[in-house]
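For reference, the structure discussed in these notes is given below.
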Amino acid sequence: MAILSGSCRFGLWNVHVSWQDDLVYRVRFAREGIPGPVPEEILRYCAGRPSDLSTLRSVATEGETTFARIYRAVREVPCGETVTYGEVAWMVGTAPRAVGAAMARNPTPLVVPCHRVVAKTGIGGFSPDLAIKEALLAMERQRDVCMPEKGEVNR
DNA sequence: ATAATGTCCCATC
DNA sequence: GATGGGACATTAT
């Protein structure tokens, strides 16, 4: 089968997704949208509705490279919570700057929740726009986009 | 081999 | 509180 690609809206941005079944190859934020399908969980998440992004897999977490291990560690950060670059580094057994470099090159934001990794003193960075990171964190703190478990999805 | 990262920590004002 | 420099691991050129 061919890899599918499409986009959905999140605030002022469009979230482009390349995927197949439960495996996500790439996620990126862009000004303009494109037609095509997007995984159901991502669609719900962007709409601020309950979703469980952990049901999706990312190509970024596969392999035995240091980056892959970093992405796996980040994936375990619960929705609504944050960790610092240093803490992730300690868990994986690497350096804080390596974590920063890995986040900057994260091929699948959201699926690998790099927005939950913040600096010890501030919020850290995010591209293409730090405002996206702030919006994601604010949404996870206030809304119940987290915990799709056991039917509370609608009513 | 060198530069560049979405960092951290400690020593200074 | 603000600033500066060094150390750290990894990737890209």
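All of these numbers come straight from a predicted model, not from anything done at the bench. Reminder, nothing fancy here: chain letters follow the sequence lines and each chain counts from 1.
If you check every strand for non-hydrogen atoms under 4.0 Å, A:Ala104 touches a base. Residue A:Thr84 is classed as a sugar-phosphate contact, given heavy-atom separations below 4.0 Å to backbone atoms only. Within the nucleic acid shown, A:Val117 comes within 4.0 Å of at least one base atom, counting heavy atoms only. Counting any heavy atom pair closer than 4.0 Å across all strands shown, A:Gly124 reaches no nucleic acid atom.
When distances run from any side-chain atom of A:Lys120 to the nucleotides C:dT10, B:dC8, C:dA7, the shortest one goes to B:dC8. Of the candidate nucleotides B:dT5, C:dA12, C:dA9, C:dA12 has the atom lying nearest to any side-chain atom of A:Arg105. With distances taken from any side-chain atom of A:Cys114 to the nucleotides B:dG6, C:dT10, C:dC8, the minimum falls on B:dG6. Considering only side-chain atoms of A:Ala119, the nucleotide from B:dC8, B:dG6, C:dA7 that sits closest is B:dC8. Closest to the side chain of A:Thr94, from the set C:dC8, B:dC8, C:dT10, is C:dT10. Closest to the A:Ala101 side chain, of the nucleotides B:dT5, B:dG6, C:dT11, is B:dT5.
With rounding to whole Å, A:Met91 atom CE is found 16 Å from C:dA9 atom C1'. The distance between atom OH of A:Tyr71 and atom P of C:dT10, rounded to the nearest whole Å, is 13 Å. Distance CD (A:Glu87) to P (C:dC8): 21 Å, rounded to an integer number of Å. Taking atom CZ of residue A:Arg97 and atom P of nucleotide C:dA9, one finds them 12 Å apart after rounding to whole Å. Spacing between atom CD1 of A:Ile70 and atom P of B:dG6 amounts to 13 Å, rounded to whole angstrom units. Separating the CG atom of A:Asp129 from the C1' atom of B:dG6 is a distance of 13 Å, rounded to the nearest angstrom. Atom-to-atom, CG of A:Leu136 to C1' of B:dG6 comes out at 14 Å; the value is rounded to the nearest Å. Atom CE of A:Met103 is separated from atom P of B:dC8 by 13 Å (rounded to the nearest Å).
Taking the six-membered ring where tryptophan is involved, the planes of A:Phe126 and A:Phe29 are perpendicular, since the angle between them exceeds 60° and thus also 30°.
Both distances falling under 3.5 Å, in either a Watson-Crick or a G-U wobble arrangement, place C:dT11 opposite B:dA3.
One finds no salt bridge joining A:Glu87 and A:Lys120 here, because no Lys/Arg side-chain nitrogen approaches an Asp/Glu carboxylate oxygen to under 4.0 Å.
Considering only side-chain N and O atoms, A:Thr66 lies under 4.0 angstrom from the phosphate OP1 or OP2 of C:dT10.
Considering every non-hydrogen atom in both A:Ser7 and A:Gly33, the closest pair reads OG-CA, 3.4 Å.
In this structure, the side chains of A:Val117 and A:Thr82 stay at 4.5 Å or more apart for every pair of heavy atoms.
Other residues, nucleotides and ligands contribute over 12 non-hydrogen atoms within 6.0 Å of the CZ atom of A:Arg72.
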